[in-house]
Number of protein chains: 4
Amino acid sequence: MQNQNKRKKILDAATHVFAEKGFHQAKMDDIAQRAQVAKGTLYYNYSSKSKLFAATVTGGMDEIMASISHEMESELPFIEHFRLLVSCTIRLYLHHSQVTRIYSNELSIGIDSETLDEIKKARQRFIEFISDMLLTGQEKGYLKPLNPRLSALALVGIVDSLCNAHLNESNASSSDEIINTVFCILSEGLVNHSK
Amino acid sequence: MQNQNKRKKILDAATHVFAEKGFHQAKMDDIAQRAQVAKGTLYYNYSSKSKLFAATVTGGMDEIMASISHEMESELPFIEHFRLLVSCTIRLYLHHSQVTRIYSNELSIGIDSETLDEIKKARQRFIEFISDMLLTGQEKGYLKPLNPRLSALALVGIVDSLCNAHLNESNASSSDEIINTVFCILSEGLVNHSK
Amino acid sequence: MQNQNKRKKILDAATHVFAEKGFHQAKMDDIAQRAQVAKGTLYYNYSSKSKLFAATVTGGMDEIMASISHEMESELPFIEHFRLLVSCTIRLYLHHSQVTRIYSNELSIGIDSETLDEIKKARQRFIEFISDMLLTGQEKGYLKPLNPRLSALALVGIVDSLCNAHLNESNASSSDEIINTVFCILSEGLVNHSK
Amino acid sequence: MQNQNKRKKILDAATHVFAEKGFHQAKMDDIAQRAQVAKGTLYYNYSSKSKLFAATVTGGMDEIMASISHEMESELPFIEHFRLLVSCTIRLYLHHSQVTRIYSNELSIGIDSETLDEIKKARQRFIEFISDMLLTGQEKGYLKPLNPRLSALALVGIVDSLCNAHLNESNASSSDEIINTVFCILSEGLVNHSK
DNA sequence: CATGAATGAGAATTCATTCAT
DNA sequence: TATGAATGAATTCTCATTCAT
């Protein structure tokens with residue numbers, strides 16, 4: 001319990017520092033200091049920097065998926081349900097920006113391949129999670145029968161791109177405008193068919 | 001002349017190494033060796049690793065934009081023109097994967113802010129470049145009047161996400177399937193309105 | 001305790017190497033080797049080469065001043081007291097030649113200004129220390145009422161010049177001859193007033 | 001002639017840069033730029049950085065000695081003559097501070113021994129030059145029969161110490177006060193014999 | 001005579017990791 | 001379990017010197 005408490009403190013500190021500085025700029029010293037433990041304690045709990053990083057990403061993505069699942073439990077007409085998927089993905093993306101910033105920016109090599117795989121798997125799980133939701137929509141006939149994995153990648157790619165811009169730039173659009181735009185594009189596309 | 005030749009050799013080597021390893025893992029030694037020049041020559045031509053990196057990204061993005069512009073010169077019905085935009089963006093993204101891999105993965109901190117700005121500006125130029133094309137389509141009534149910058153970010157985000165998956169993963173979809181899916185989503189959305 | 005011991009070992013090694021080679025020629029590798037610690041340990045204890053240098057100079061000057069103070073505690077007729085000041089300054093200058101060689105030769109630029117200030121302050125403290133002694137002599141009427149700071153600078157300048165010559169050159173005068181000459185000049189001047 | 005002109009330009013630039021930055025911080029690039037010649041030209045005229053440095057110091061000291069000789073040619077009562085020696089040494093020290101700053105601060109090792117010898121010889125020539133003047137005064141009975149070389153070192157040490165303080169510090173004494181103090185100390189000493 | 005692009009040996013500094021306590 | 005002093009391999013950057021033109 002005391003044990004778990006300490007691991008939690010370390011993980012929180014690591015999440016913060018990795019998000020703020022990126023993997024290579026984050027120093028184990030920074031993390032130890034922020035977690036208020038000695039540097040040795042980091043290694044007592046996680047065998048290396050890479051492993052700690054992987055734990056950060058994996059844990060964070062799991063939390064996000066759990067939150068989305070929770071929010072999506074409500075019964076709604078499909079189109080509202082779909083809008084909810086878009087809106088809560090975006091909200092959680094922004095809310096967990098510390099994790100998603102890691103998720104989207106740190107694919108680079110420089111981590112041992114075993115650990116890199118772990119991170120890639122966390123990403124894939126997220127894509128599959130979205131993909132499953134889209135597949136359900138397709139099976140019920142609400143969505144076009146496009147490749148669901150590519151569709152999920154598209155959804156995540158749009159969300160990622162707009163959220164990153166929102167987080168990085170000062171002349172940012174509001175999160176509501178982002179939600180509306182993403183929903184509009186994903187549901188009806190860019191082309192004006194009335195013409 | 002000899003001079004420009006050597007700068008080109010360095011830039012090519014740098015592009016390759018940065019794309020393969022990412023900024024922090026790329027070593028100046030590697031780049032020098034690949035360019036077949038002495039390490040000092042790197043510094044004689046580019047004042048720091050960051051500056052060399054920025055030159056790599058900026059130059060690469062410029063090339064991509066020039067290629068897209070060139071391909072888009074043809075006269076076509078709008079919808080074909082739009083499909084062409086999608087298709088050539090994806091093709092160039094994949095073809096210049098060395099540059100785009102840098103583009104999408106290396107926003108992280110760890111570069112002096114002046115140089116980071118240079119890189120961000122190159123990205124913004126690319127977004128504006130796409131944004132301008134979409135705006136033209138809107139003005140002619142072919143595209144819905146959505147925020148053009150967000151639309152451009154969406155287009156780039158989708159392309160980025162699918163191309164990265166294509167490049168990183170073994171069970172990849174073909175590039176044609178990617179082009180079709182992206183075009184389909186962007187033009188008509190995911191929702192099946194016939195239902 | 002073990003800690004202080006190691007810092008002492010480093011400081012001793014640094015003093016020796018800086019004195020022998022000067023700041024710019026002294027290599028952190030040399031100092032580490034001489035102190036029998038790893039190079040990282042140097043940086044674990046002193047944040048930079050400059051800081052280590054400053055610690056060397058400051059510590060050395062403090063030791064010298066403490067020794068002079070100690071030797072000057074005895075009660076003597078003024079002129080003997082003054083001769084003692086000259087003689088022990090010179091003896092300590094020669095004995096701590098490792099430090100004083102640094103003191104006199106390394107004002108040059110190439111150290112961050114904060115650290116340079118630290119060193120300059122150590123020098124000023126030494127000048128003030130001598131200056132205070134001269135002032136006391138003036139107040140008691142034993143010394144002429146010349147600007148005490150300039151007088152102290154003169155004393156240190158003479159000692160520095162003669163000791164450096166003594167240390168650098170082979171055809172050196174004995175230290176006793178140096179003490180006599182300095183005392184003679186400082187007490188009565190060069191001019192033969194009997195003529 | 002054109003030739004000599006260029007060597008002069010290089011020497012002037014080198015003097016300035018060495019004085020401002022010290023030997024190790026002065027870069028051949030800086031000197032070349034200041035002299036408005038290519039770096040290769042430096043090496044065409046002086047075989048190495050050390051040699052250029054030595055030429056700078058040697059030339060500068062020669063100029064100073066020539067100036068002092070020139071000023072000392074006048075016929076005056078001895079004591080006035082001696083005061084003139086002090087005053088013109090100090091004035092030239094301050095005026096050629098670019099050279100004297102080098103003279104006094106750059107004994108450190110890090111120059112090949114052959115060139116270091118050249119510099120030491122220039123310093124010795126200056127000491128001998130002063131020493132000869134003092135010896136003449138002794139022979140005529142105007143000065144006490146102290147070791148003339150040590151006396152010269154004392155004179156130069158005092159001048160050096162006070163001039164350096166004057167040049168480095170803001171709360172500086174005026175050059176007149178320096179001249180008076182040095183003359184007073186050297187002619188009559190610090191001790192108040194009336195007591 | 002003059003140039004300046006190219007070189008590469010050399011140095012300071014960083015930081016993940018270890019291990020004695 | 002927890003600590004933090006110690007490590008040393010690894011990396012960026014500097015700059016005197018060379019030499020083809």
Side-chain angles (χ1 to χ4, degrees), chain A residues 2-3 6-7 10 23-33 35-53, chain B residues 2-7 10 24-32 35-52, chain C residues 2-7 10 24-33 35-52, chain D residues 2-3 6-7 10 23-33 36-53 110 112:
Chain A
Q2 183 56 31
N3 187 353
K6 193 157 279 188
R7 282 178 76 93
I10 292 172
F23 180 75
H24 287 292
Q25 295 302 305
K27 307 302 167 210
M28 291 300 263
D29 277 296
D30 301 342
I31 296 171
Q33 187 167 40
Q36 287 178 295
V37 299
K39 216 185 339 178
T41 311
L42 261 42
Y43 284 89
Y44 188 79
N45 286 278
Y46 297 91
S47 61
S48 73
K49 187 185 179 187
S50 295
K51 289 288 185 199
L52 177 53
F53 182 64
Chain B
Q2 184 58 29
N3 187 353
Q4 286 311 308
N5 188 19
K6 192 152 281 190
R7 281 178 76 93
I10 291 173
H24 287 293
Q25 292 303 305
K27 306 304 167 205
M28 292 300 263
D29 276 306
D30 302 341
I31 296 172
Q36 285 178 294
V37 299
K39 217 187 327 181
T41 310
L42 261 41
Y43 286 90
Y44 188 77
N45 285 279
Y46 297 91
S47 59
S48 72
K49 187 184 177 187
S50 293
K51 290 287 186 200
L52 177 54
Chain C
Q2 184 56 30
N3 187 355
Q4 285 312 307
N5 188 18
K6 193 152 280 187
R7 282 179 76 93
I10 290 172
H24 287 292
Q25 292 304 303
K27 305 306 167 201
M28 290 301 262
D29 274 307
D30 302 343
I31 296 171
Q33 188 164 39
Q36 285 176 296
V37 299
K39 219 191 319 182
T41 309
L42 262 43
Y43 286 90
Y44 187 78
N45 286 279
Y46 298 90
S47 59
S48 71
K49 187 183 178 188
S50 294
K51 289 287 185 199
L52 177 55
Chain D
Q2 184 58 29
N3 188 351
K6 192 157 280 190
R7 282 177 76 93
I10 291 172
F23 180 75
H24 287 291
Q25 294 302 303
K27 308 303 168 207
M28 291 300 264
D29 277 294
D30 301 342
I31 296 171
Q33 186 166 39
Q36 287 178 294
V37 299
K39 215 180 347 171
T41 310
L42 261 42
Y43 285 89
Y44 188 80
N45 286 278
Y46 297 90
S47 60
S48 73
K49 186 184 179 187
S50 295
K51 290 287 185 199
L52 177 54
F53 182 63
D112 60 298

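Quick caveat, the model's predicted, so the values are computed rather than measured. Proteins come first, then strands; the chains are lettered A, B, ... in the order of their sequence lines, and each starts at number 1.
In this structure, NE2 of A/H24 is placed 14 Å from C1' of F/dA10, rounded to the nearest angstrom. Summarising the geometry, the separation between CD on C/Q33 and P on F/dG8 is reported as 12 Å, rounded to the nearest angstrom. One can place NZ of D/K51 at 16 Å from C1' of F/dA16, the figure rounded to the nearest angstrom. Rounded to an integer number of Å, the gap from A/D30 CG to E/dT17 P is 15 Å. The distance from atom CD of D/Q25 to atom C1' of E/dA12 is 13 Å, rounded to the nearest whole Å. Between the OH atom of C/Y46 and the P atom of E/dT13 there is a distance of 15 Å, given to the nearest Å. Here F/dT18 presents its P atom at 15 Å from NZ of D/K49, a figure rounded to the nearest Å. Atom P of nucleotide F/dT7 and atom OH of A/Y43 are separated by 17 Å, given to the nearest angstrom.
Of the two residues contacting DNA chain F, namely C/L42 and B/S48, the nearest-nucleotide position lying further toward the 5' end is that of C/L42. Residues D/G40 and A/A38 each lie close to DNA chain F; by heavy-atom proximity, the contact nearer the 5' end of the strand is made by A/A38. Remark on DNA chain E: of its neighbouring residues B/T41 and C/A26, the 5'-side contact belongs to B/T41, judged by nearest-heavy-atom nucleotide.
For A/M28, counting side-chain heavy atoms from C-beta on, the closest listed nucleotide (E/dA2, E/dT17, F/dA6) is E/dT17. Side chain of C/K27, nearest nucleotide from E/dT7, F/dT12, E/dA12: E/dA12.
Between D/D30 and D/Q25, the shortest heavy-atom distance links the atoms OD2-O, 4.4 Å. Counting all heavy atoms, side chain and backbone alike, B/K39 lies closest to B/D29 at CE-OD1, 3.2 Å. Across every non-hydrogen atom of C/A38 and C/A32, the tightest pair is C-CB, 4.2 Å.
Contact between the side-chain N/O atoms of C/K6 and the OP1/OP2 oxygens of F/dA6 is found at a separation under 4.0 Å. Put simply, A/Y44 has no side-chain N or O that comes within less than 4.0 Å of OP1 or OP2 on F/dA2.
In this structure, A/K49 is positioned above the aromatic face of A/F23, its NZ or CZ under 6.0 Å from the six-membered ring centre and within 45° of the axis.
Nucleotides E/dC1 and F/dT21 have their P atoms positioned 23 Å apart, rounded to a whole Å.
At a cut-off of 3.5 angstrom, counting only N and O atoms as typed in the model, there is a donor on one side and an acceptor on the other between the side-chain of A/K39 and the base of E/dT17.
With both pairing distances under 3.5 Å, F/dA20 is matched to E/dT3 as a Watson-Crick or G-U wobble pair.
Residue contacts shown for B/A32 are absent, as no nucleic acid heavy atom lies under 4.0 Å away.
For the pair D/I10/D/R7, no side-chain contact is recorded, criterion being any heavy-atom separation below 4.5 Å from C-beta on.
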